Amino acid sequence: MTVPCRKGETVKMPKKQAFMEVLAISLSEDCRFPVLEVFTFLYVVATIFFSNMNFGSGSVVMFQFILTDEALIFSIIKGLTGFPIFFLLLLITKNIAFGLGNDLERGTMQTFLSYPLSRKMLLTARLVSSVGVEILLFLGIQVCVLYIMAPYLVSTYITTIILSYVAALCFPLFITGVALMLSLVLKKGSWGLITGIIMQFVMQILTTIASNLNTAGSEIIVKISSVINPIIALDRYYRSSPQHFVQEYFFGSNIWSPSFSEAIYYIGAGFVLVIFIFLAAYLYFDRRLEI
Amino acid sequence: MAAVQIEGLVKRYGKVFAVDGLSLTVDEGTLLGLIGPNGAGKTTTIKVMLGLLKPNVGKVEVFGKDPWDNPEIKTRIGVVYEKPIFPVHHEVLSYLEKTCRIFGVHESKAKETLETVGLQKEAFNRPIKGLSAGMLQKFAIAHALIHEPEFVIADEPTSNLDPQARNEIMNLISRLHHDEKTTFLVSSHILPELSNICESVAIINQGRVWAQGSFLELCEKLRIGVTRISTDNPQKLVEVMGKLNYVRKIKVDSRGVSVDVPEAEKQQLYEDVVSLAKKNNVKISGIESKTALLEELYDRAVSQGRDG
């Protein structure tokens, strides 16, 4: 696209350059020393700690005789992602709250909107900085640790690994979407942060309740939970949790267990929700948000 | 050609009308002052021009385009916000260099522009959050001018500044307008500083433009021409002159007594002042007829608008 400059000539609009510069500005605000360094340390320590538990005296040794190889891989990844994903969620919601939310609350967004950049591109730059880079860092550390600990597993069961991480990231992305939407509508980042943390704990409680109700014969809550957090459906498919084993083999309970294609549908449904909420946020920012 | 064309703009916040049927034109090459009290609708109008707010009703065009959907017009506009907010952890020069790259301008322009606005060299490598209010305002102006825009919108550019900094900013705007032929829209409620630099003004109140034009045009349109009387006893003179039935307005200010009378009554006024002064033993040291001050134009426009 070309625009006239003051000397009457037309100049090429620096769209791509503007995007990259706004991204750079956002990154240096979101990932200011020592935030990213502290979280990288936490990811590494938590990942190595849990990988050690899994590969050492943990579930791999305990359940390797009763689980399939794929279930074992899934179980290991579930263990690896436990605490680091909570740190990831903290970092992302912090960025949404104190980055994007603060931009709206304090007025920095007005400055960004004075640049020749569409609202969609501006939001994309802010989200790549607040969410994208953090997820890449998380996945990078996780996959590196997994590869160092068990290179043969990574090369043999790459599909299971990808599927497990995709399922594991669905719920954090859903919370991110909700936090983003709240920050945009209320123009207050702190609400996004609070909601994100509360949702994380509510989901933990809901999963436990769903699991207990499922044992007692009710499947509906566990199915609803699986849409929001499809790692539950994948977990049920692989029957990787010790409780499944205990319930089924010792007490004879019939726990809901989806087929592989059903588990994929749950992951798909989870991402449809995520896409819907991000799409709503984009539309709101592009068409409605007044600053 | 008009840089900005607004017709029948209405902007509501819930049930409150911030702007109510406002029409305004900013011609290219002018320095227009947008004046009005707090809450008159100045900032809302500016925000609509910048595509930050959507009008409820009305048409807003900046360089012939809707500002909400056309970010490319931002290459032709510079903005100085009332409270300039930047990512505060960046250093002044470094942030301005990034802004250069955003607009596709050579980075050397950053230093040059900071020098043009008169920001001290020692502030160049300071974080933005370490700038004083005056320095921040100068930085905001440099940020707005970095890409040599054709049109600069400055919303209350001197608010929160001391008188010296105010003068510097206003002189800078005036200099840029004359030297670079940049179109300026400067909003303010501090009238004396605008009267020094603006060629024309738009008086805005209760969400509408009540009068727009050059000072001379407005004086004619609002039928205002003030006579100033220098005297040793202004209070006494005001008291006795208040009884003259053709006097529209009379007040005491630092310059003496200002009297607003219809043009046709001016000769009569001179005669009456001399006779009343003699009768009441008041000494008159001078009488002069002048074009109105911006404050007087503003008062008249607002009172005429209120009276319909």
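Both backbone and side-chain heavy atoms feed into the values below; hydrogens, waters and symmetry mates do not. All values derive from a computational prediction rather than experimental measurement. Just so it is clear: chains get the letters A, B, ... in the order the sequence lines come, proteins before strands, and each one is counted from 1.
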- request: Would you name the heavy atoms of B:Phe103 and A:Ser114 that are closest together and state the gap between them?
  value: CZ-O, 3.7 Å
query: What residues of residues 22-53 of chain B sit under 4.5 Å from chain A when you count only heavy atoms?
result: B:Lys47, B:Gly51, B:Leu52, B:Leu53
field: Interface residues of residues 62-70 of chain B facing chain A - heavy atom cut-off under 4.5 Å
entry: B:Trp68, B:Asp69
- request: State, with a plain yes or no, whether a side-chain heavy atom of A:Arg287 is found less than 4.5 Å away from one of B:Lys54.
  value: yes
field: side chain to side chain donor-acceptor pair (under 3.5 Å): pairs with one or both residues in residues 80-97 of chain A, sequence neighbours excluded
entry: A:Asn95-A:Glu134
query: Highest number of heavy-atom pairs under 4.5 Å with chain B: which of A:Asp286, A:Leu289, A:Thr111?
result: A:Thr111
Heavy-atom pair of closest approach, residues B:Arg101 and A:Gln17: O-CG, 3.0 Å
task: For residues B:Pro71 and A:Tyr115, determine if any side-chain heavy atom of one lies less than 4.5 Å from a side-chain heavy atom of the other.
output: no
field: Min side-chain heavy-atom separation B:Thr99-A:Glu21 under 4.5 Å
entry: no
task: Answer whether the closest heavy-atom distance between the side chains of B:Pro87 and A:Thr108 falls below 4.5 Å.
output: yes
message: I'd like to know whether OH of A:Tyr147 has more than 12 heavy-atom contacts from other residues, nucleotides or ligands below 6.0 angstrom.
response: no
field: When A:Met109, A:Arg106, A:Gln110 are compared by non-hydrogen pairs under 4.5 Å with chain B, the top option
entry: A:Gln110
query: Between NZ of B:Lys74 and CG of A:Leu117, what distance do you get to the nearest 0.5 Å?
result: 9.0 Å
message: Rounded to the nearest 0.5 Å, what separates atom CE in A:Met20 from atom CD1 in B:Ile102?
response: 12.0 Å
message: Just verifying a value: how many Å separate B:Lys98 NZ and A:Ser28 OG, rounded to the nearest 0.5 Å?
response: 5.5 Å
- request: Please check if atom CZ in A:Phe83 has more than 12 non-hydrogen atoms from other residues, nucleotides or ligands closer than 6.0 Å.
  value: no
Can you give me every donor-acceptor pair (side chain of residues 30-41 of chain A, partner residue at least two apart or in another chain, under 3.5 Å) with its distance?
residue: A:Asp30; atom: OD2; partner: A:Arg126; partner atom: NH1; Å: 3.3
residue: A:Asp30; atom: OD2; partner: A:Ser129; partner atom: OG; Å: 2.5
residue: A:Asp30; atom: OD2; partner: A:Ser130; partner atom: OG; Å: 3.1
residue: A:Arg32; atom: NH1; partner: A:Glu29; partner atom: O; Å: 3.2
residue: A:Arg32; atom: NH1; partner: B:His89; partner atom: ND1; Å: 3.3
residue: A:Thr40; atom: OG1; partner: A:Leu36; partner atom: O; Å: 2.6

Which portion of B:Tyr81 sits near chain A, non-hydrogen atoms under 4.5 angstrom: side chain
